[in-house]
Amino acid sequence: MADLITHGCVAVLFRLGQQSPGGVASFVAGTCLPDLSRVPAMLFTRLRYDAPWIPEWLCYVWGPLHVPVGVLLQSYGVALLFRDEQRRAAFLNLVLGGFLHLAVDVLQFHFGQGYLLLFPFSTWDWELGWIGSEATVPLVPVLLPLTSWLAWRRWRSSAGTTREA
Amino acid sequence: MSRGFQGAVVLLLLAMLGGYYAKLAMDLEIGWRQCSSDPARWDGQELVFPLWVVTGIDGPDRYRISKVVKDVPVAGPSEGLEQGDTVSVIGHFRAERMVVEQSVIEVHHLRPYKEAIGVAGLLAAIFGLPWLFRWRGGRIEERFGG
């Protein structure tokens, strides 16, 4: 997976075309969800080095949160927490953000072990392998301020209007 | 259908998927565990270890790597490697020596930076949430409109 900041920036850049920032926050949240939900997997994997009594399945059960079917389900679950009038839009933004996350991730190369995009219907795995798994790291110092500046420039007036309203 | 019921169904489906995923990962993956449990059958099997952590250096030609499975022995030059480094290794299982004979290794020098950026992103997400969303009437509301 690419780093969370790159995912967030790509999501913001993806929505720069729209006039107002409406829906961007849930789109960015959607693009972050697949990685946030994998934090427990990383923690348990590291903890198992010193605590082998931690069951192995605890490291794996989070895997579906990073495949398309899991993105759909978790987006639906999170969208249920939104107000009725925003729920449908929130669901769409969360799902599309999640799919953008997966699209960015499949650019990476993991020595032939790709992502299970058709899980649970198939164990076929795939990735484009165009960039290394840390290729986005050197971009972050440029990408983050650039994205922040572009977003501020694009939406500063409408964001202020919406907040005042 | 009530929101609570729908939420429960989503959680149940995710739990079932998680269980199935874990079963697949533990049963079907051709990895170190399968090779070492039946060495004669898997002798020469190519194994791929993407993004594993070096957890021991046992000499100039041998080191150990871990992920979910701990301390897989690898026969290969350990010069320049340090405990805690993240590496990707491709190798072949050798039944006689019970090791993975390294054919390709990539040391992921930028991994610690990536992890630090990940933590920064996590913190930004946590602290950014109240600015982007608010909790009203028991529901989340996107501040700038959905």
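In what follows, chains carry the letters A, B, and so on, assigned in the order in which the sequence lines appear, proteins first and then strands, with residues in each chain numbered from 1.
Only the side chain of B:I90 comes within contact range of chain A, with at least one heavy atom under 4.5 Å from a heavy atom of that chain. Residue A:L144 does not touch chain B at all, counting heavy-atom pairs closer than 4.5 Å. Neither the backbone nor the side chain of A:W62 comes within contact range of chain B; no heavy atom of the residue lies under 4.5 Å from a heavy atom of that chain. Interface residue A:L36: only side-chain heavy atoms are found under 4.5 Å from chain B. Residue B:V104 touches chain A through its side chain alone, counting heavy-atom pairs closer than 4.5 Å. Of the atoms belonging to B:F49, not a single heavy atom falls under 4.5 Å from chain A. Residue B:K67 touches chain A through both its backbone and its side chain, counting heavy-atom pairs closer than 4.5 Å. Residue contact with chain B, scored on non-hydrogen atoms closer than 4.5 Å, is absent for A:R88. Neither the backbone nor the side chain of A:V28 has a heavy atom closer than 4.5 Å to any heavy atom of chain B. The contact between A:C59 and chain B is made entirely by side chain atoms (from C-beta outward), counting heavy-atom distances below 4.5 Å. For A:V137, the parts lying under 4.5 angstrom from a heavy atom of chain B are both the backbone and the side chain. In this structure, chain B has a heavy atom under 4.5 Å from the side chain of A:A29, while its backbone stays farther away.
Between B:K114 and A:E134, no side-chain nitrogen of the basic residue sits less than 4.0 Å from a carboxylate oxygen of the acidic one, so the salt-bridge criterion is not met.
How far CD1 of B:I117 is from CD1 of A:I5: 6.0 Å, rounded to the nearest 0.5 Å. In this structure, CG in B:L13 is found 11.5 Å from CG in A:L72, a value given to the nearest 0.5 Å. Rounded to the nearest 0.5 angstrom, A:L80 CG and B:F5 CZ are separated by 12.0 Å. Atom CD of A:Q86 sits about 12.5 Å away from atom CZ of B:R139, to the nearest 0.5 Å.
The two atoms that bring A:P21 and B:E142 nearest to each other are O-OE2, 4.3 Å, heavy atoms only. Here the closest non-hydrogen pair linking B:G121 and A:L4 is C-CD2, 3.6 Å. Minimum heavy-atom separation, B:V48 to A:Q113: O-NE2, 3.5 Å.
Comparing A:E56, A:R46, A:R48 by heavy-atom pairs within less than 4.5 Å of chain B, the highest count is held by A:E56. Between chain A and the residues B:S66, B:A116, B:G128, B:A120, the largest count of heavy-atom pairs under 4.5 Å involves B:S66. The candidate from B:V68, B:L14, B:L11 with the greatest count of non-hydrogen atom pairs under 4.5 Å with chain A is B:V68.
Connection of A:L65 to A:V95 is established within a shared hydrophobic cluster, with ILVMFWY side chains joined at heavy-atom distances below 4.5 Å, either directly or through further cluster members. Hydrophobic cluster membership is shared by B:I65 and B:V107, with clusters built from Ile, Leu, Val, Met, Phe, Trp and Tyr side chains linked at under 4.5 angstrom. Taking hydrophobic clusters as Ile, Leu, Val, Met, Phe, Trp and Tyr residues chained together by side-chain heavy-atom distances below 4.5 Å, B:Y113 does not share a cluster with B:L51. At a threshold of 4.5 Å between side-chain heavy atoms, the hydrophobic network of Ile, Leu, Val, Met, Phe, Trp and Tyr places A:V67 and A:V39 in two separate groups. B:L110 and B:V53 fall into different hydrophobic clusters, where Ile, Leu, Val, Met, Phe, Trp and Tyr side chains are chained together by heavy-atom contacts under 4.5 Å.
A:F119 has its side chain within reach of B:L17: a pair of non-hydrogen atoms, C-beta onward, lies under 4.5 Å apart. Annotation: side chain of A:P120 is not in contact with side chain of B:L24 (no heavy-atom distance under 4.5 Å). B:R3 is listed as a side-chain neighbour of A:D84, based on a closest heavy-atom distance under 4.5 Å. With a 4.5 Å cut-off on side-chain heavy atoms, B:K70 and A:P52 do not count as touching.
The 12-atom threshold is not exceeded at CZ of A:F14, counting heavy atoms of other residues, nucleotides or ligands nearer than 6.0 Å. For B:M98, the CE atom sits in a packed shell: over 12 heavy atoms of surrounding residues, nucleotides or ligands are nearer than 6.0 Å. Annotation for A:F99: atom CZ counts as buried by contact number, over 12 foreign heavy atoms lying within 6.0 Å.
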**Asked** What do the steps show when you test A:L116 against B:Y21 for side chain to side chain contact (heavy atoms under 4.5 Å, CB included), and what is the final call?
**Response** CA-CA 10 Å; A:L116 300 173; B:Y21 190 97; 3.6 Å; yes

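Under the 30°/60° scheme for interplanar angles, the aromatic rings of B:F133 and A:F82 are found to stand perpendicular.
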